Amino acid sequence: HRVFFSSFRSFLSLWGHMGRCVCAVDVGTTNVRAVLFNKKAETVASAFEQVEVHQDEQGMSEIDAEELLAAVVKVVRQVMHSAGVAPHDVETLGIACLRSSIVTWRKSTGKPFHRIITWQDTRGRQICTKLNRSWAIAGLRVVGAVASVVWRSPLMQALRVFEFDVKHSSVRLRWAIDHVRELREALHATPDDVLFGTVDTWLIYGLTRGKVHATDFSNASTTGLYDIYQTGWSGFVFWMLQLPRWTMPTVLNTSDDFGVCDEQLVGAAIPISAAVGDQQSTLFGLGCFAPGDVKCTFGTGLFMAANLGPRIRTPQRYILYPLIAWKLGDDVTYVLEGGGNCAGQLLEWGKAFGLYGAVEEVDAVAGQSEEDCGGVAMVNAFSGLATPLRDASAPASLVGLTPATRPPQVTRALLQSIAFSFMHMYTVLRGELGPAAQLYADGGVAKSDLTMQTVCDLMGAPVRRSADGESTALGAAFLAGLRTGFWPSLAEIKALKAWRPALQPAPPRPALLRAQQHFNTAVERAMRWPHSASDAAAAGG
């Protein structure tokens with residue numbers, strides 16, 4: 001009879017979920033998407049809204065915070081309407097969003113002090129340079145070097161290579177305090193009225209009408225403000241940057257209770273049951289649950305991640321960096337990650353430059369070129385060079401042009417630069433963890449057969465690509481659905497994932513290896529590029 005009642009309860013649970021959906025909100029750098037998934041993890045409907053990114057030559061990259069919140073509300077309403085799904089039939093909602101992007105706002109009014117400063121913003125370069133040359137950082141590294149010999153703990157190993165990076169939210173918050181007068185004045189006059197958040201925190205605060213000020217472990221770990229070794233806000237970082245610790249959000253599990261959406265905003269009090277960084281969400285959506293699983297997202301940027309399992313690992317060189325992938329219950333899963341170079345953004349630039357009429361045409365146009373691109377090489381560094389070179393001053397550049405150069409050679413050079421940048425990261429990862437058995441790939445650029453076959457041949461391992469192209473949104477949906485029991489286990493989730501036929505590696509051709517050498521030479525020329533007359537004079541220019 002116990003078996004009967006157990007089966008009957010399982011039937012009732014399944015019956016209760018039938019006809020219901022999970023909604024995932026995927027907030028990227030340039031767009032917002034809402035996707036409804038059914039019990040089989042099939043896409044029921046999706047809605048899309050473009051996001052305007054404000055950029056300039058000084059390194060600014062900003063998004064209007066209120067417009068972003070309005071876009072999220074709009075796509076959630078649109079996706080339910082287009083699917084014919086009533087709001088009360090949406091069981092839960094999960095949010096995956098761009099990371100390391102920050103905003104501050106007034107608690108009393110919910111009004112932002114400034115626009116969201118995104119992960120691509122590089123205006124904090126001078127802050128990083130000053131801090132990394134300080135005696136405090138030098139002393140910290142010495143302590144870490146000595147202590148790591150004695151204790152060999154991951155924390156001590158991290159201290160010996162610690163440095164501030166322009167990609168850290170901590171640096172962006174310091175820059176905002178220094179340059180946004182209203183924020184600075186509020187911190188002095190009404191400090192309890194100032195709140196800080198990453199994008200997930202801002203959206204949760206807005207969707208719940210100010211009832212919840214929280215983030216999750218995955219998003220917190222990417223800020224540079226959070227100590228992932230001791231799982232708490234870093235007192236040292238707050239002291240070094242003189243930041244207001246009281247403005248920080250509560251850190252919750254990745255699958256947790258983040259409140260409910262205001263009924264007037266989305267039509268029902270839909271629970272928010274997951275918040276997760278976009279790259280960690282993709283790792284989860286691709287089913288990379290085992291230590292050693294490696295994925296790369298070829299999206300707006302280029303992001304590689306390897307599942308480390310429950311044990312944190314500090315790399316020998318802090319080129320790749322450990323983060324928290326997710327926290328479920330009492331279990332923390334760590335990830336080793338690197339990335340940041342542009343990928344999809346590069347293809348959009350090629351379209352705007354007139355190399356092809358649509359991004360979907362890149363393979364056809366590039367296929368008209370010889371594999372060495374006639375000596376043309378593209379350095380994909382619109383926001384500087386990221387992992388492993390990490391030179392924020394490096395400019396994007398196109399070299400090797402001749403009077404005979406035509407669009408196909410340049411287009412192929414664009415695609416190859418993405419594959420070659422991936423190999424820079426993968427070579428470092430391989431040195432830390434050994435070769436990957438296969439690569440899980442997703443993102444808009446992963447649709448390019450030419451790019452992904454180049455990656456496959458150079459790394460010498462199969463490449464598996466998601467069949468649905470919804471890995472980031474699916475990860476957020478899975479995490480939210482796990483919280484409510486919509487999907488009961490990781491094993492069931494992994495079995496639901498659909499794949500395209502795997503690409504198999506072939507030995508790289510001499511022409512491809514020549515193109516790779518041209519790229520590496522071009523990257524060397526782009527590094528430490530002078531950005532002003534004084535820089536050029538200092539460099540002997």
Side-chain angles (χ1 to χ4, degrees), residues 29-30 53 55-59 61 120 122 298-302 339-425 444-445 448 450-452 454-455 458 508-509 511-532 535-536 539 541:
T29 308
T30 58
V53 183
Q55 296 178 318
D56 67 14
E57 295 179 355
Q58 280 67 53
S61 180
Q120 293 180 318
T122 59
F298 296 82
T300 302
L302 188 65
N341 276 20
C342 57
Q345 185 184 29
L346 189 66
L347 300 192
E348 291 293 342
W349 173 85
K351 174 187 172 183
F353 201 65
L355 296 175
Y356 35 82
V359 171
E360 292 75 18
E361 300 172 6
V362 290
D363 276 10
V365 174
Q368 301 171 32
S369 165
E370 60 272 30
E371 198 166 22
D372 66 0
C373 308
V376 176
M378 175 75 193
V379 179
N380 54 333
F382 286 130
S383 297
L385 290 168
T387 307
L389 302 172
R390 299 174 69 180
D391 184 352
S393 68
S397 53
L398 190 62
V399 301
L401 302 176
T402 72
T405 301
R406 295 294 181 268
Q409 284 96 342
V410 178
T411 301
R412 190 163 194 138
L414 300 189
L415 297 181
Q416 287 183 343
S417 72
I418 297 169
F420 297 153
S421 293
F422 165 82
M423 285 305 299
H424 279 172
M425 288 191 292
V445 181
S448 166
L450 192 153
T451 305
M452 300 316 300
T454 302
V455 167
L458 289 172
R509 281 75 53 200
L512 177 60
L513 297 177
R514 283 197 305 273
Q516 188 177 27
Q517 183 56 53
H518 292 156
F519 172 79
N520 290 337
T521 301
V523 166
E524 291 173 6
R525 298 286 179 89
M527 293 182 69
R528 294 172 293 280
W529 190 267
H531 281 262
S532 65
D535 291 342

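These numbers were taken from a predicted model, which means no experiment stands behind them.
Of all the heavy atoms in E370 and D372, the pair that sits closest is CG-OD1, 3.0 Å. For the residue pair G367 and R412, the shortest heavy atom distance occurs at CA-NH1, 4.1 Å. Listed here is the closest heavy atom pair of T29 and V53: O-CG2, 3.1 Å. In terms of heavy-atom proximity, C373 sits nearest to Q416 at SG-OE1, 3.1 Å. Residues G299 and A343 approach most closely at O-CB, 3.2 Å, considering heavy atoms.
M425 places a side-chain heavy atom less than 4.5 Å from the side chain of L302. Counting heavy atoms from C-beta outward, F298 and V455 have side chains that approach closer than 4.5 Å.
Taking the six-membered ring where the residue is Trp, the centroids of F420 and H518 are separated by 6.0 Å or more.
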- [ ] Run the numbers on L414 and N380 for side chain to side chain contact (heavy atoms under 4.5 Å, CB included), then give the verdict.
- [x] CA-CA 8 Å; L414 300 189; N380 54 333; over 6 Å; no
TODO: Dump the intermediate steps for side chain to side chain contact (heavy atoms under 4.5 Å, CB included) on E348 and V359, then the final yes or no.
DONE: CA-CA 7 Å; E348 291 293 342; V359 171; 3.7 Å; yes
Task: Audit row: V399, R525, side chain to side chain contact (heavy atoms under 4.5 Å, CB included) steps and yes/no - done: CA-CA 10 Å; V399 301; R525 298 286 179 89; over 6 Å; no
Open item on the list: Could you go through L450 and V362, starting from their C-alpha distance and side-chain angles, then the distance that decides it, and tell me whether this counts as side chain to side chain contact (heavy atoms under 4.5 Å, CB included)?
Closed with: CA-CA 9 Å; L450 192 153; V362 290; over 6 Å; no
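The distance from the CD atom of Q55 to the CZ atom of F382 is 10.0 Å, given to the nearest 0.5 Å. The CG atom of D363 sits 11.0 Å away from atom CE of M452, with the distance rounded to the nearest 0.5 Å. To the nearest 0.5 Å, the span separating CD on E361 from CG on L347 amounts to 12.0 Å.
Of the residues listed (T451, V365, L346), the one engaging L415 in a side-chain contact (heavy atoms from CB on, under 4.5 Å) is T451, and it is the only one.
The backbone N or O of R514 sits nowhere less than 3.5 Å from a side-chain atom of E371 that would complete a donor-acceptor pair. Formation of a donor-acceptor pair under 3.5 Å by the T405 side chain with backbone atoms of T402 is found in this model. Side-chain atoms of Y356 never come within 3.5 Å of backbone atoms of A366 as a donor-acceptor pair (strictly under, hydrogens ignored). Looking only at distances, a side-chain donor or acceptor of Q409 sits under 3.5 Å from a matching main-chain atom of R406.
More than 12 heavy atoms of other residues, nucleotides or ligands lie within 6.0 Å of CZ in R509, so this atom counts as buried by the packing criterion.
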